[in-house]
Amino acid sequence: MDLGIAGKHALVCGASKGLGRGCAEALAAEGVHVTIVARTASELEATAQEIRQKYGVTVTAVACDITTPAGRAQALAACPNPDILVTNAGGPPPGDFRKWSRDDWIAAIDANMLTPIELIKATVDGMMSRRFGRIVNITSSAVKAPIDILGLSNGARAGLTGFVAGIARKTVAQNVTINNLLPGQFDTDRLKKTLGSAASTTGKSMDEVFEARRLQIPAQRFGDPAEFGAVCAFLCSVHAGYMTGQNVLLDGGNYPGTF
Ligand code: NAD
């Protein structure tokens with residue numbers, strides 16, 4: 001299927017590796033020029049070079065912390081009028097809510113709620129005036145089924161989800177859609193960190209924890225970031241213009257509910 005987005009420009013955050021990179025690659029494979037953002041310049045530039053070589057699109061790398069006003073200004077200066085915005089940043093650390101301070105909460109809300117909202121605010125009106133825009137927020141399956149040790153993530157992402165539900169209906173008449181993609185367990189560095197922390201609290205080995213988790217997933221495997229990217233690219237396609245305000249769960253069947 002031709003997704004109809006060749007030649008468009010995308011700003012993809014948190015994209016040197018993992019799910020953000022999966023999205024950037026899937027968009028580049030469709031001929032989209034991508035501006036990719038991450039904090040570590042060397043890793044980001046290596047990813048940019050690989051995407052350029054593989055797909056022949058323009059890839060601009062912006063090394064910054066997207067959760068800061070200065071970082072967002074840098075990213076938006078490099079890609080001032082994106083047709084596609086993929087918001088993403090590292091998730092908050094796991095832990096016991098009794099130990100989280102106000103500063104811990106503010107950091108989580110900044111990264112996983114206010115940063116996407118600020119990026120949407122900076123880009124959505126331009127998209128609406130150009131009559132095309134696709135915004136995809138990478139959130140988490142924890143929005144649908146909270147994970148106890150990830151309380152900071154559960155709380156901050158629920159806030160973003162509520163906000164998106166309100167505005168996604170205000171933009172779609174101008175062909176600007178806003179949707180959230182909810183990863184279950186994907187094989188990325190973030191998953192290794194989360195499972196590492198589960199291993200240290202239970203005293204089990206990493207291998208044991210990985211295997212037990214894998215077997216709990218109906219698909220019997222962790223997700224591949226390329227699969228995540230493919231769904232993101234579809235949401236960004238011309239074919240998905242009638243789909244807005246949705247929370248799309250990609251979890252290998254892990255969520256047990258009917259809806
Ligand atoms: P990852 O650690 O593999 O990659 C994160 C990417 O974001 C990297 O490129 C990193 O450099 C970049 N990044 C992180 N913080 C940043 C910042 N402040 N500014 C700019 N770039 C930043 O993580 P991932 O697994 O791809 O996860 C992406 C998001 O999805 C995270 O918020 C994570 O909590 C969430 N998530 C992941 C899973 C999973 O199974 N992997 C499950 C649920 C939710």
Side-chain angles (χ1 to χ4, degrees), residues 11-26 34-48 50-51 61-76 78 86-94 107-116 118-119 136-147 149-158 160-161 180-198 209-210 213-214 216-217 219 221-229 231-232 247-252 254-255:
L11 174 58
V12 187
C13 306
S16 66
K17 60 184 179 179
L19 303 178
R21 176 175 178 158
C23 295
E25 283 212 42
V34 292
T35 298
I36 58 173
V37 176
R39 281 173 305 189
T40 314
S42 53
E43 204 174 34
L44 181 68
E45 195 40 64
T47 299
E50 284 173 39
I51 298 177
V62 183
C64 67
D65 182 343
I66 199 69
T67 67
T68 65
R72 287 190 290 277
Q74 252 180 284
L76 290 164
V86 180
T87 75
N88 181 34
I109 290 167
D110 254 344
N112 298 113
M113 179 181 170
L114 299 181
T115 291
E118 288 291 340
L119 289 167
V136 175
N137 303 298
I138 300 181
T139 65
S140 173
S141 61
V143 169
K144 248 180 114 78
I147 301 164
I149 58 164
L150 290 176
L152 290 169
S153 170
N154 300 338
R157 297 189 202 275
L160 174 65
T161 305
N180 304 315
L181 262 185
L182 285 55
Q185 298 179 73
F186 278 77
D187 190 3
T188 67
D189 286 359
R190 164 77 177 174
L191 183 77
K192 290 183 187 84
K193 260 187 227 151
T194 313
L195 294 191
S197 144
V209 172
F210 256 81
R213 279 296 176 89
R214 181 182 73 75
Q216 279 169 9
I217 303 169
R221 65 179 179 84
F222 297 108
D224 180 339
E227 294 174 298
F228 191 87
V231 178
C232 176
N247 290 286
V248 179
L249 184 62
L250 294 174
D251 71 346
N254 210 28
Y255 177 75

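Just so you know, ligand 1 is whichever comes first in the structure, and atom 1 is the first atom listed for that ligand.
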Quiz item: Among all residues two or more places apart in sequence or in another chain, which pass the salt bridge (Lys or Arg N to Asp or Glu O under 4.0 Å) test with Arg214?
Solution: Glu211
Quiz item: Hey, which residues fall under 4.0 Å of ligand 1 on heavy atoms?
Solution: Gly14, Ala15, Ser16, Lys17, Gly18, Leu19, Ala38, Arg39, Cys64, Asp65, Ile66, Thr67, Asn88, Ala89, Gly90, Gly91, Ile138, Thr139, Ser140, Arg157, Pro183, Gly184, Gln185, Phe186, Thr188, Asp189, Arg190, Leu191
Exercise. Please examine the side chains of Thr40 and Leu44, heavy atoms only from C-beta on, and report whether any two atoms are closer than 4.5 Å.
Key: no
Self-check item: Non-hydrogen atoms of Ala142 and Asn154 that approach each other most closely
Solution: CB-OD1, 3.2 Å
Practice problem: May I ask you to check whether Phe186 and Phe222 place their ring centers less than 6.0 Å from one another? | Solution: no
Practice problem: Determine, stepwise, if the pair Asn180 / Val248 fulfils side chain to side chain contact (heavy atoms under 4.5 Å, CB included). | Solution: CA-CA 6 Å; Asn180 304 315; Val248 179; over 6 Å; no
Quiz item: Picking from Leu249, Thr139, Val136, what satisfies side-chain contact (heavy atoms from CB on, under 4.5 Å) with Leu181?
Solution: Val136
